[in-house]
Every structure is written in structure tokens, then in C-alpha cells.
Amino acid sequence: MSNNQPKGPIGIFDSGVGGLTIARAVRELMPNEDILYFGDTLHLPYGEKSPDAIRRYSEAIARFLLKNEAKCILIACNSASANAFHHLKKTFPDVLFINVIDPVVDFIRLNKFSSVGVIGTKATITSLAYQKRLDGISNQIIAKATPLLAAMIEEGFTDGNVAESVITAYLGNDHVSQSDALILGCTHYPLISEKIKQVVSDQCTIIDGPGIIAEYTKNQLEDLALVAERKKPGTIRIYVSDHTPSFARLAGLFFGDNLDLKEQNLAYDPMG
Ligand code: DGL
């Protein structure tokens, strides 16, 4: 299955709203591209799932996006990037897949941070995807799973006392927040980056994942002559596997109220 048409949409998927932080950055950088987004709200959180389950869900989503003519697939979920990227590339060898880990690791390599902290879901941190890629690039890598953060954000707690207490419990007085650079290794976390900034040490740079990933995607599309030649703004279509009010509310905050948001059930292969 392959779709190498520049006019096709950029396919983007995540387990929920987190990937919208990436979709928004892609939209800002490439306003004329069509975006086709899938949020797998039925199976959220991926961060608590096994690698096998994450691969199965990701494969079904990729099939859906490709059936709808996606010209590439941006895996806007760290848990899926860490656990399903290689599986997807092997399953669909002709398709351009972009994960959210490699662009950030490239950025760290170029900017030579001596110690790097990374926070993310259990599925991301235990996969060692960041730790392996950063090995030899930074002198010290400190990784920490912060599983409550994504659930807290999905529930709308991005500000106020609850957010502050949970962030401080994870990051206050912890080595991870003393590093030179902190990777927000979960696509939900940019929504609380200002709060995180208040807790980490002053010399710690918070890496802007969405901006870096959007730029990387643009370069890939240019290299493969896949940029749309459209002169007007592209469309944004959003599908979810379970239409929840919290997704609709957060998606509205990103892209306005006139959202093209639909529910779509996917066929999953239970045997993987
Ligand atoms: N979007 C997921 C990630 O970047 C976090 C939410 C989840 O656990 O599904 O890892």
C-alpha cells in the first residue's frame, strides 16, 4: 500500500489529544497542506499498553490513514514511536513514516547538550528508545516515567493546583530536572511546558518537540518531492475511535469550533 501523491493529506496519529500539539505545529509551518488526524481515544492510554498492543493499534490506524490517501504518516505519539515505528516501516515498506523521537535526538546531537533528561510514559521509557538513540551523543542521560501527566492533561488539568502538585511530585528535586536539556517525551506534555519550566532548574532548556518535528517533516516532504502545490489553506479532518467530550473540547482549543470531527471504528487484528 503506498500513496506518493503530493496532494494527499499528511496523516498524523496519536492515542488522543497529545498529537494535536504536533498537528498544530505542522499546520503553522505548512498551512497549505491537508491534515488527516486520528486520535485512538478508545485505546488511550498507549503508555500503559504492551508493545504488541501498541503495534496492533498503530497498524490498524496506518491502514485507515493510507486508505484515505495519506502521503506520509507522522506518528505523533511517543509511546507508538518507541514501540511501533519499526513494525510499521516493515509492514508498509513504501510508506514514509516519521516518528517523534529521531527529530528531537538529531536536535540534541546538533546542539551538544552534555546532560539530557527525558520524561514520558512507561511504554516510552521502558522501551529504551530515547536512551539507546542518545547513547554516545550526551554524557549523561536521565530518563523517568511520569505516567500520571498524560492522564491529568486528558482530564483537562493543565493549570492550577492539581497540575502543579503532580508536576512537582515527579520533577521537584529530581536529577531529571537538573539536566542541561529536558525532552518532553510525550506529545501531551507541551500543553504543560510552562508549568514544567517553573519546576526544573534555571539552566535546563526545555526542548520544543512540536516545532522541531514539524520542521523535520517539512524537510522530509521536500526531499521526497511530496509538498502540496496548493495555494489556499489545507483542510483538517479529525477522526477518533471514541468520540469523547474532552477530546472535542481540547481539539476545539487547537483548531477552533468548526472542526471536522468524526468517529471511526477500526478493524483490529486480535492476533496481531
Ligand atoms: N500520546 C502519548 C505519548 O506521546 C501519551 C498518552 C498515552 O499514554 O496514550 O506517549
Side-chain angles (χ1 to χ4, degrees), residues 11-26 37-62 65 73-85 87-88 97-105 117-131 133 143-158 163 166-167 170 182-193 196 206-214 216-217 238-242 244 246-247 250-251 254 266 268:
I12 303 180
F13 81 87
D14 178 40
S15 53
V17 292
L20 293 173
T21 59
I22 313 277
R24 179 170 59 182
V26 167
Y37 183 94
F38 194 94
D40 195 7
T41 42
L42 187 64
H43 297 114
L44 180 93
Y46 278 16
E48 302 292 317
K49 302 288 186 305
S50 68
D52 270 357
I54 296 173
R55 281 179 206 127
R56 250 182 352 253
Y57 302 153
S58 301
E59 186 181 322
I61 296 168
L65 295 174
I73 296 182
L74 172 49
I75 310 171
C77 171
N78 281 265
S79 305
S81 290
N83 291 285
F85 175 61
H87 172 74
L88 291 174
F97 285 98
I98 297 166
N99 67 64
V100 288
I101 300 173
D102 290 328
V104 171
V105 170
V118 53
I119 53 173
T121 66
K122 283 187 212 156
T124 298
I125 300 302
T126 57
S127 75
L128 304 180
Y130 276 100
Q131 297 92 316
R133 285 170 169 89
K144 180 167 181 162
T146 48
L148 277 184
L149 294 184
M152 176 185 95
I153 294 164
E154 286 283 335
E155 281 300 315
F157 292 106
T158 51
V166 178
I167 294 168
Y170 279 132
L182 179 65
I183 299 174
L184 305 185
C186 172
T187 49
H188 285 59
Y189 299 175
L191 291 166
I192 52 166
S193 62
I196 292 178
I206 308 237
I207 306 299
D208 167 32
I212 294 166
I213 292 153
Y216 183 97
T217 304
I238 300 182
Y239 288 86
V240 285
S241 46
D242 187 25
T244 58
S246 73
F247 185 96
L250 279 161
F254 279 103
L266 300 182
Y268 298 90

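Start at 1 with the first residue, then count along the sequence. Numbering of ligands and ligand atoms starts at 1, following listing order.
Enclosure of atom NZ in Lys122 is not indicated, since only 12 or fewer non-hydrogen atoms of other residues, nucleotides or ligands lie within 6.0 angstrom. Residue Phe157 places its CZ atom among 12 or fewer non-hydrogen atoms of other residues, nucleotides or ligands, all under 6.0 Å distant.
The contact set between ligand 1 and His188, taken as ligand atoms under 4.0 Å from a residue heavy atom, comprises 1 (N), 5 (C), 6 (C). Atoms of ligand 1 found under 4.0 Å from any heavy atom of Asn78 (numbered from 1 in listed order, with element): 3 (C), 4 (O), 10 (O). Short contacts between ligand 1 and Ser15, defined as distances under 4.0 Å to a heavy atom of the residue, involve ligand atoms 1 (N), 2 (C), 6 (C), 7 (C), 9 (O). Against a heavy-atom cut-off of under 4.0 Å, Gly47 is close to the following atoms of ligand 1: 7 (C), 8 (O), 9 (O). Near Leu44, with a cut-off below 4.0 Å to any heavy atom, the atoms of ligand 1 are 9 (O). Shown in contact with Asp14 at under 4.0 Å from a heavy atom are these atoms of ligand 1, numbered in order with element: 1 (N), 2 (C). For ligand 1, the atoms sitting less than 4.0 Å from at least one non-hydrogen atom of Pro45 are 7 (C), 8 (O), 9 (O), numbered in the order shown with element in parentheses. Every atom of ligand 1 is numbered from 1 in the order shown, and the set under 4.0 Å from a heavy atom of Tyr46 is 7 (C), 8 (O), 9 (O).
Note: no N/O pair closer than 3.5 Å links Glu48 and ligand 1 by distance alone.
For Gly18, the heavy-atom gap to ligand 1 stays at 4.0 angstrom or more. The shortest separation from a heavy atom of Cys77 to ligand 1 is under 4.0 Å, placing the residue in contact. By the 4.0 Å heavy-atom criterion, Gly16 is excluded from the residues contacting ligand 1.
Under the 3.5 Å distance criterion, the side-chain polar atoms of Gln131 are matched with a main-chain donor or acceptor of Ile125.
Side-chain contact between Tyr189 and Ile153: present, with at least one pair of heavy atoms (C-beta onward) separated by less than 4.5 Å. For the pair Asp14 and His188, the minimum side-chain heavy-atom distance is below 4.5 Å.
Of the candidates Ile73, Ile12, Ile238, Leu266, Leu266 is the only one forming a side-chain contact (heavy atoms from CB on, under 4.5 Å) with Phe38.
A side-chain N or O of Thr121 and one of Ser79 form a donor-acceptor pair less than 3.5 Å apart.
Counting only heavy atoms of the protein, atom 5 (C) of ligand 1 lies nearest to Cys186 SG, 3.4 Å. For atom 10 (O) of ligand 1, the closest non-hydrogen atom on the protein side is Ser79 OG, 2.7 Å.
For the atom pair NZ (Lys49) and CZ (Arg55), the distance works out to 15.0 Å, reported to the nearest 0.5 Å. With rounding to the nearest 0.5 Å, the separation of OG1 in Thr21 from CD1 in Ile213 is 7.5 Å.
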